[in-house]
Amino acid sequence: MIGTAVPYIERNGMKLSRYMLGTAQLGLGSYGINNRLGAVDGSALLEYCEHTGINCYDTAHEYGDAELKLGRFFIGKHPPFIASKLKVDLHHTSELELERQMVQTTERIISRLKVDSLSALMIHDPVMLQVYGDKVNRILHKLQKEGFIQRAGISFGADPVEQYAYSAGLVQDDIFDMVQLPLNLFDRRMVQCGALEDFTSRGKWIVVRSVFLQGLFFLEKDALPEAIQADGSILLETLHRLALEEGISVAELAMSYVRDLENVHCLVIGAETPEQIQHNLELMNRPALSERTRERVEKAFADIPHQFVDPTQWNK
């Protein structure tokens with residue numbers, strides 16, 4: 001398999017791939033609505049990434065044994081950039097108990113990844129900041145000072161606008177270097193509410209996930225979850241017609257639109273096979289969309305129902 005050029009960014013003296021491999025499939029197998037294989041050959045994926053020069057990985061303590069697989073693969077090699085995520089008990093515990101949970105989980109992540117210090121520790125649920133406020137920030141600063149982590153970040157979830165509203169003030173803290181959020185052709189909520197511009201104006205590194213809406217863009221209309229089938233059929237028909245009229249694939253339209261948004265630095269994209277990674281890299285190297293095409297996209301998908309862009313609602 002011939003490798004495809006990897007686009008990079010410079011960040012705080014580091015050369016990092018704009019393609020950040022999402023590793024949920026490594027540990028959870030059938031992740032995403034369009035997963036077809038179930039079991040995934042993690043070694044084959046990581047070998048292909050290493051061969052092509054992808055050096056950024058997104059994982060989480062909740063992704064099964066994904067951290068363990070990353071740790072085993074990269075032991076003895078130059079460590080790549082790995083961002084992992086943690087959750088804690090959201091019942092109002094003391095700051096001492098909160099610190100104990102955060103430190104213990106961070107130590108387990110480091111042990112599983114077999115690294116001396118974690119590239120980035122992401123808050124997996126912004127509700128942590130709503131519940132515990134700047135206690136979380138103080139503990140993150142302590143973890144950084146003691147060498148457990150190099151930087152912190154936050155991952156916005158299914159209702160990112162509401163989460164942004166109550167966490168933005170705390171995320172201004174310099175300890176939060178990375179911000180991960182969902183963004184795609186159908187879901188531009190974090191652009192429309194001003195969050196994307198706000199975070200980048202404060203020097204945050206913006207990492208976007210859900211570029212293909214967890215594979216929903218590629219489903220046949222009759223394969224859509226029942227809860228979103230009515231709206232979904234119309235939206236997918238519009239999406240496919242627009243791509244056809246522009247002379248490109250749905251995948252290229254979706255990738256190019258997000259890739260070239262101002263203030264987007266990296267894209268988290270999962271894969272089941274090395275061939276999918278290669279295809280995604282090819283898409284990342286395609287020409288930019290015309291301004292006319294971008295305007296057509298934004299007009300066609302200006303007001304998407306919330307339940308359609310929130311995967312947690314699909315099976316309700």
Among residues two or more places apart or on two chains, list those pairs meeting salt bridge (charged side-chain N to carboxylate O under 4.0 Å, His left out) that have a residue in residues 196-219.
-> Asp198-Arg202
Taking [X] for the side chain and [Y] for the main chain, is one N or O donor matched with an acceptor at less than 3.5 Å?
X      : Y      : answer
Thr106 : Met102 : yes
Asn280 : Gln276 : yes
Asp187 : Leu213 : no
Arg18  : Met284 : no
Gln163 : Gly157 : yes
Ser111 : Glu107 : no
Ser256 : Leu253 : no
Thr59  : Thr23  : no
Arg151 : Ser119 : yes

Under a single-linkage definition using a 4.5 Å side-chain heavy-atom cutoff for Ile, Leu, Val, Met, Phe, Trp and Tyr, are [X] and [Y] assigned to the same hydrophobic cluster?
X      : Y      : answer
Leu170 : Ile206 : yes
Tyr166 : Met190 : yes
Leu21  : Ile82  : yes

Are [X] and [Y] close enough that some pair of their side-chain heavy atoms sits under 4.5 Å apart?
X      : Y      : answer
Ile228 : Leu235 : no
Asn184 : Tyr257 : no
Leu86  : Met128 : yes
Phe74  : Pro80  : yes
Leu129 : Asp134 : no
Leu70  : Leu46  : yes
Tyr164 : Leu181 : no
Gln144 : Gln150 : no

[X]/[Y] ion pair, N-O < 4.0 Å:
X      : Y      : answer
Lys85  : Asp125 : no
Glu237 : Lys221 : yes
Glu67  : Arg108 : no
Arg292 : Glu295 : no
Arg296 : Glu291 : no
Glu252 : Arg286 : yes

Might you work through the salt bridge (charged side-chain N to carboxylate O under 4.0 Å, His left out) test for Arg138 and Glu99, ending with a clear yes or no?
-> CA-CA 9 Å; Arg138 289 198 294 270; Glu99 180 175 345; over 6 Å; no
More than 12 foreign heavy atoms under 6.0 Å from [atom1] of [X]: is that the case here?
X      : atom1 : value
Lys135 : NZ    : yes
Asp116 : CG    : no
Asp65  : CG    : yes
Glu220 : CD    : no
Glu245 : CD    : yes

Scan Val179, Ile123, Leu183 and name whichever one has a side-chain contact (heavy atoms from CB on, under 4.5 Å) with Phe156.
-> Val179
Only one of Asn55, Ile269, Val268, Leu267 clears side-chain contact (heavy atoms from CB on, under 4.5 Å) with Tyr19; which?
-> Ile269
Within this structure, what is the [atom1]-[atom2] distance for the pair [X] and [Y], rounded to the nearest 0.5 Å?
X      : Y      : atom1 : atom2 : value
Leu140 : Ile154 : CG    : CD1   : 9.5 Å
Leu121 : Ser84  : CG    : OG    : 7.0 Å
Gln172 : Asn137 : CD    : CG    : 10.5 Å

For the student: nearest non-hydrogen atoms of [X] and [Y], plus distance:
X      : Y      : result
Leu185 : Ala254 : CD1-CA, 3.7 Å
Leu219 : Leu236 : O-CD1, 3.7 Å
Ala251 : Leu283 : CB-CD1, 3.7 Å
Asp89  : Gln101 : N-OE1, 2.9 Å

Measure the acute angle between the ring planes of His124 and Tyr63, then classify it against the limits of 30° and 60° as parallel, tilted or perpendicular.
-> perpendicular
Can you say whether the rings of Phe308 and Phe186 are parallel (under 30°), tilted (30 to 60°) or perpendicular (over 60°)?
-> tilted
Any side-chain donor-acceptor pair under 3.5 Å between Asp159 and His306?
-> no
Give a yes-or-no answer on whether the side chains of Thr93 and Tyr132 include a donor-acceptor pair shorter than 3.5 Å.
-> yes
Taking the six-membered ring of Phe73 as reference, does the NZ or CZ atom of Lys77 fall below 6.0 Å from its centre and within a 45° cone about the axis?
-> yes
Starting from the C-alpha separation in whole Å, work towards a yes-or-no answer on ring-ring contact (aromatic ring centres under 6.0 Å, His included) for Phe217 and Phe212.
-> CA-CA 6 Å; Phe217 292 163; Phe212 301 127; 7.1 Å; no
